Structures are given as structure tokens and as C-alpha cells.
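Below: the structure, in C-alpha cells.
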Amino acid sequence: MANVAAKVAVIGSGISGAVCASTLAKNGISVTLFESGRGPGGRMSQRREMTEDGRELHFDHGVPYFSAKNPDVLKLICEWQSKGLVAEWKEKFATFDCDSKQFLDIEQEGLEKKYVGVPGMNSICKSLCQEPGVQSRFGVGVGRLEWLDNEDSWSLMGLNGESLGYFKGVVTSDKSTFSQRFTNVTGKPVPIDMEKFPEILLKMTEIPVNPWFALMLAFEEPLTEIPIRGFSFKSSKVLHRAFCDSSKPGRSRNSERWVLHSTAEYAQDVIAQTGLQKPSSAALTKVAEELFQEFQSTKLSISQAFFKKAHRWGSAFPAISVAENEKCLWDAKKRLAVCGDFCVSPNVEGAIISGLAAAAKCSEVLCRL
């Protein structure tokens with residue numbers, strides 16, 4: 001139990017967890033970051049795919065871009081820009097009316113700056129997770145968090161019961177830590193004894209989410225009938241948004257790549273039929289065909305794609321905010337913080353604000369120990 005005086009475990013390497021971990025490390029606190037996935041990013045991850053003929057393709061299959069107004073977030077963005085991690089995506093977006101087959105409401109230039117990670121959306125989280133003072137453990141899920149009163153510390157265990165270490169504080173940016181959904185997906189008990197944290201439990205219990213599917217497409221030739229690089233759909237029950245991924249700064253132009261987002265209603269219907277477990281290849285193929293058919297129905301001369309693959313985001317996008325004023329949830333006695341966009345607002349800016357708030361709470365207390 002030695003050497004735990006300034007150790008914090010951060011669970012989840014999405015932008016909220018990554019910003020929190022980086023900020024804690026800058027404040028002189030030793031951080032171990034646990035991520036069940038293969039790499040950092042969460043919804044800001046980048047998907048790498050290989051075609052049958054050996055071509056490598058990359059897609060931002062989650063968050064397509066982000067904007068910000070908060071001064072603290074803008075300061076971070078400037079820092080990331082200076083490191084070459086972020087660039088402005090200077091494109092005007094619009095709405096496509098599926099009834100009239102017309103583009104409407106084309107944005108006026110300069111109304112809102114759109115930022116993207118370079119060369120992929122995951123570049124920001126990847127850099128934050130590699131900063132001095134942050135030890136990142138990818139492919140390691142946390143199966144149990146236990147507060148030890150006699151040691152005044154946390155014990156963390158992996159999904160198979162192995163010890164992950166002891167920590168003076170814990171920050172979780174994974175809302176499933178407090179949710180029955182953890183059991184639905186993994187078949188294992190919820191990681192934390194929720195009865196010991198009634199105030200947090202009251203706000204965290206089954207946060208409603210908006211699921212959706214992403215369809216990754218690659219074309220040999222540009223879709224010349226589409227004059228806009230990003231647009232939302234009006235009067236479609238299937239498609240919500242479309243973005244030309246290859247038009248972003250720092251991306252390969254070897255092919256034209258698009259990412260389509262389904263509506264939440266469409267995704268909910270599919271999940272009602274297939275369940276919350278990882279969807280089968282057959283289910284994803286069916287989704288890919290249905291989304292692509294809807295894209296082709298726009299009459300925008302959509303050619304056949306040489307690559308087509310769907311991905312499900314089952315619970316990534318919260319429908320409510322649980323700590324708009326506090327910016328994070330915090331138990332000072334046991335030094336447990338919960339951060340994420342579900343605390344502030346369901347976007348990248350909200351996630352960053354929450355990660356900064358959680359780091360501030362932990363730093364204030366741990367620097368006094």
C-alpha cells in the first residue's frame with residue numbers, strides 16, 4: 001500500500017477522461033488510465049479498415065467535428081492547434097430535404113468554427129494519453145471498484161478478477177460504471193456498490209441515451225452531385241446526417257469517403273429486434289444496405305461504394321445532463337469523481353468542461369494529503 005499518496009485511476013479514454021488525466025498529471029498527480037478498448041478516443045476514435053484488395057481506409061466514425069465557446073476549452077484548442085493536433089474544417093453545411101430533393105439552409109460563412117483532430121479525430125486523445133505522468137492501459141476493462149475504509153484508498157480489479165492496483169482517488173468517465181447496462185453488455189455485475197453512493201446513484205441511474213448507426217462508405221470517384229461536404233436530412237426516418245470524411249484537413253484524398261449517421265429512431269428499432277449485445281455481422285450488413293439505399297434515394301447520383309460497413313453506437317450519446325451546474329459528480333470523502341458529456345452537455349465541449357472540473361476537484365483534495 002506504499003506509493004499511493006498521489007495515485008489516481010481514470011476510467012475511460014474518451015475526450016473527458018483523457019483531458020482529466022492530462023490535467024491531473026500536469027498538476028503533479030500520478031495517473032493510471034484504464035480503457036477497455038484497443039485505443040483512446042471513445043466517440044472521438046478513428047476506424048482503420050482494410051479492403052479486400054489491401055487498401056487501407058480511415059474513418060472518423062463517431063463525432064465528425066466539434067465547436068466551442070467556453071474560454072477554457074478554446075484555450076485548450078489553441079494549445080492543440082499549436083501542436084498540430086487540431087485544425088479548422090472550413091466547410092459550410094446545409095440541410096437536404098428528402099421530399100423536394102433540394103439543399104436548404106446553407107450556412108453563412110464564419111458563423112461557427114468547426115474543429116477536427118489531425119490526422120484523425122483520435123489524435124487529441126492519443127496525445128493526451130501519452131503525456132508525462134499518465135500511464136495508459138488499453139484493452140483493460142475495470143470489473144470492480146471497491147472503497148477500503150481502513151486503507152483510505154480504492155482497490156480496482158479487472159473483468160477477470162485480477163488486481164489492477166490501489167489508488168487514492170478514482171475518476172470514471174464511463175457512465176456504465178453505475179448502470180445495469182454494464183451487466184447487459186458484459187454479463188458481469190455492476191462494478192461499484194451503488195448503495196454506498198446514493199447521491200451519485202440518484203443522478204446516474206439509467207441515463208437515457210440516443211443510439212445510432214454509422215455507415216462508412218468509400219467511393220472511387222467524387223460524388224459530384226453533392227455540393228456540400230456535410231448536411232442533415234429533413235423528412236427521413238432512416239438518415240440523420242452525412243459528412244464527407246475525406247474533405248477534412250490532413251486526410252488522404254486517395255478515395256472519397258463519407259460517414260452517414262442514422263436517426264436515433266431507426267437505431268432504437270434495430271436494437272429492439274437484435275438486443276444490446278454486440279451486433280452480428282449479418283445484422284450490421286443489413287443495416288449498411290438499408291442506410292445506403294436511403295442515401296441513394298436522394299437522387300444525388302450516388303455511385304456504388306467499393307467499401308461499405310456499419311458500426312453501432314449503442315449508448316454513447318446521452319439525452320440529458322445530470323450536473324449542469326457542478327460540471328461533474330463528486331464524492332469528496334471517498335475521492336470519487338464522475339465526468340463526461342452527460343454531466344454538462346451532450347457534445348465534445350461539454351465532455352472537456354466536465355473532465356477539467358473533475359481534475360480540479362481531485363487536485364484540490366489530493367494536493368492536501
Side-chain angles (χ1 to χ4, degrees), residues 8 10-27 29 31 33 35 40-46 60 62-91 93 107 110-131 133-134 171-175 230 243 248-250 316-330 337-364:
V8 171
V10 175
I11 303 171
S13 68
I15 190 65
S16 194
V19 163
C20 180
S22 168
T23 305
L24 286 169
K26 287 177 180 175
N27 290 341
I29 294 168
V31 178
L33 186 147
E35 168 58 56
R43 282 164 300 153
M44 289 183 71
S45 58
Q46 186 182 62
D60 295 332
V63 175
Y65 69 93
F66 62 98
S67 300
K69 295 180 180 177
N70 179 279
D72 293 330
V73 178
L74 289 171
K75 183 180 177 182
L76 278 178
I77 291 173
C78 286
E79 181 183 319
W80 297 336
Q81 282 182 303
S82 69
K83 295 179 178 179
L85 300 171
V86 167
E88 187 181 348
W89 190 16
K90 298 180 180 180
E91 293 285 352
F93 291 176
E107 284 181 334
L111 278 183
E112 179 186 64
K113 286 188 176 182
K114 305 175 186 70
Y115 299 102
V116 296
V118 178
M121 287 299 285
N122 64 341
S123 300
I124 304 166
C125 294
K126 190 183 292 185
S127 175
L128 294 173
C129 292
Q130 293 173 347
E131 289 192 357
V134 179
V171 179
T172 178
S173 61
D174 182 356
K175 55 185 175 292
F243 300 96
K248 296 177 182 177
F317 293 85
I320 62 170
S321 302
V322 300
E324 288 185 66
N325 295 326
E326 304 91 341
K327 311 306 180 190
C328 69
L329 301 177
W330 174 241
V338 181
C339 65
D341 59 356
F342 52 88
C343 288
V344 181
S345 56
N347 51 40
V348 172
E349 181 178 29
I352 294 172
I353 291 170
S354 187
L356 289 171
K361 293 285 189 185
C362 285
S363 297
E364 183 182 1

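Keep in mind that what you see is a predicted model, and the values were worked out from it rather than measured.
Scanning both residues, V171 and C339, for their nearest heavy atoms gives CG1-SG, 3.7 Å. Closest approach of E91 to K114, counting heavy atoms only: O-NZ, 3.0 Å. Heavy atoms only, all atoms of each residue included: N27 and S363 are closest at ND2-OG, 2.8 Å. Smallest separation of non-hydrogen atoms from P64 and V116: O-CG1, 3.6 Å.
Residues passing the side chain to side chain donor-acceptor pair (under 3.5 Å) test with T172, sequence neighbours excluded: T177. Shown here are the side chain to side chain donor-acceptor pair (under 3.5 Å) partners of S173, two or more places apart in sequence or in another chain: there are none. Annotation: side-chain contact (heavy atoms from CB on, under 4.5 Å) contacts of A359 (sequence neighbours excluded): C20, T23, L24. Listed by chain and number, the residues in a side chain to side chain donor-acceptor pair (under 3.5 Å) with S123 amount to none (sequence neighbours excluded). Judged as a ring pair (Phe, Tyr, Trp, His ring centres under 6.0 Å), and not counting sequence neighbours, W330 has no contacts. Not counting sequence neighbours, K327 has no partner by the salt bridge (charged side-chain N to carboxylate O under 4.0 Å, His left out) test. Not counting sequence neighbours, the partners of N70 by the side-chain contact (heavy atoms from CB on, under 4.5 Å) test are D72, V73, E349, I353. Listed by chain and residue number, E79 satisfy the side chain to side chain donor-acceptor pair (under 3.5 Å) test with K26 (two or more places apart in sequence, or in another chain). Applying the side-chain contact (heavy atoms from CB on, under 4.5 Å) test to D60 and every residue at least two apart in sequence or in another chain returns Q46, M121, D245, K248, R251. Taking the ring pair (Phe, Tyr, Trp, His ring centres under 6.0 Å) definition, one finds that F66 meets it with Y115, sequence neighbours left out. Scored by the side-chain contact (heavy atoms from CB on, under 4.5 Å) test, A21 finds V10, V31, L33, V134 as partners (sequence neighbours excluded).
Between W80 and L128 there is a side-chain heavy-atom pair separated by less than 4.5 Å.
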Please assess L76 against L356 for the test side-chain contact (heavy atoms from CB on, under 4.5 Å), listing each intermediate value before the final yes or no.
-> CA-CA 11 Å; L76 278 178; L356 289 171; 4.2 Å; yes
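Annotation: the span from K126 atom NZ to M44 atom CE amounts to 12.5 Å, rounded to 0.5 Å. Note: S354 OG to I15 CD1 = 12.0 Å, rounded to the nearest 0.5 Å. Taken from NZ in K113 to NZ in K90, the straight-line distance is 7.5 Å, to the nearest 0.5 Å. Rounding to the nearest 0.5 angstrom, the gap separating the OG atom in S16 from the CZ atom in R43 is 9.0 Å.
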Which pairs would a plain distance check flag for residues 319-326, meaning a side-chain donor or acceptor within less than 3.5 Å of a matching protein atom at least two apart in sequence or in another chain?
{"from": "S321", "atom 1": "OG", "to": "V344", "atom 2": "O", "distance (Å)": "2.8"}

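Below 30°, between 30° and 60°, or above 60°: for Y65 and W89 the angle between ring planes is above 60°, a perpendicular geometry.
The main-chain N or O of I124 is never found under 3.5 Å from a side-chain atom of S127 such that the two would form a donor-acceptor pair.
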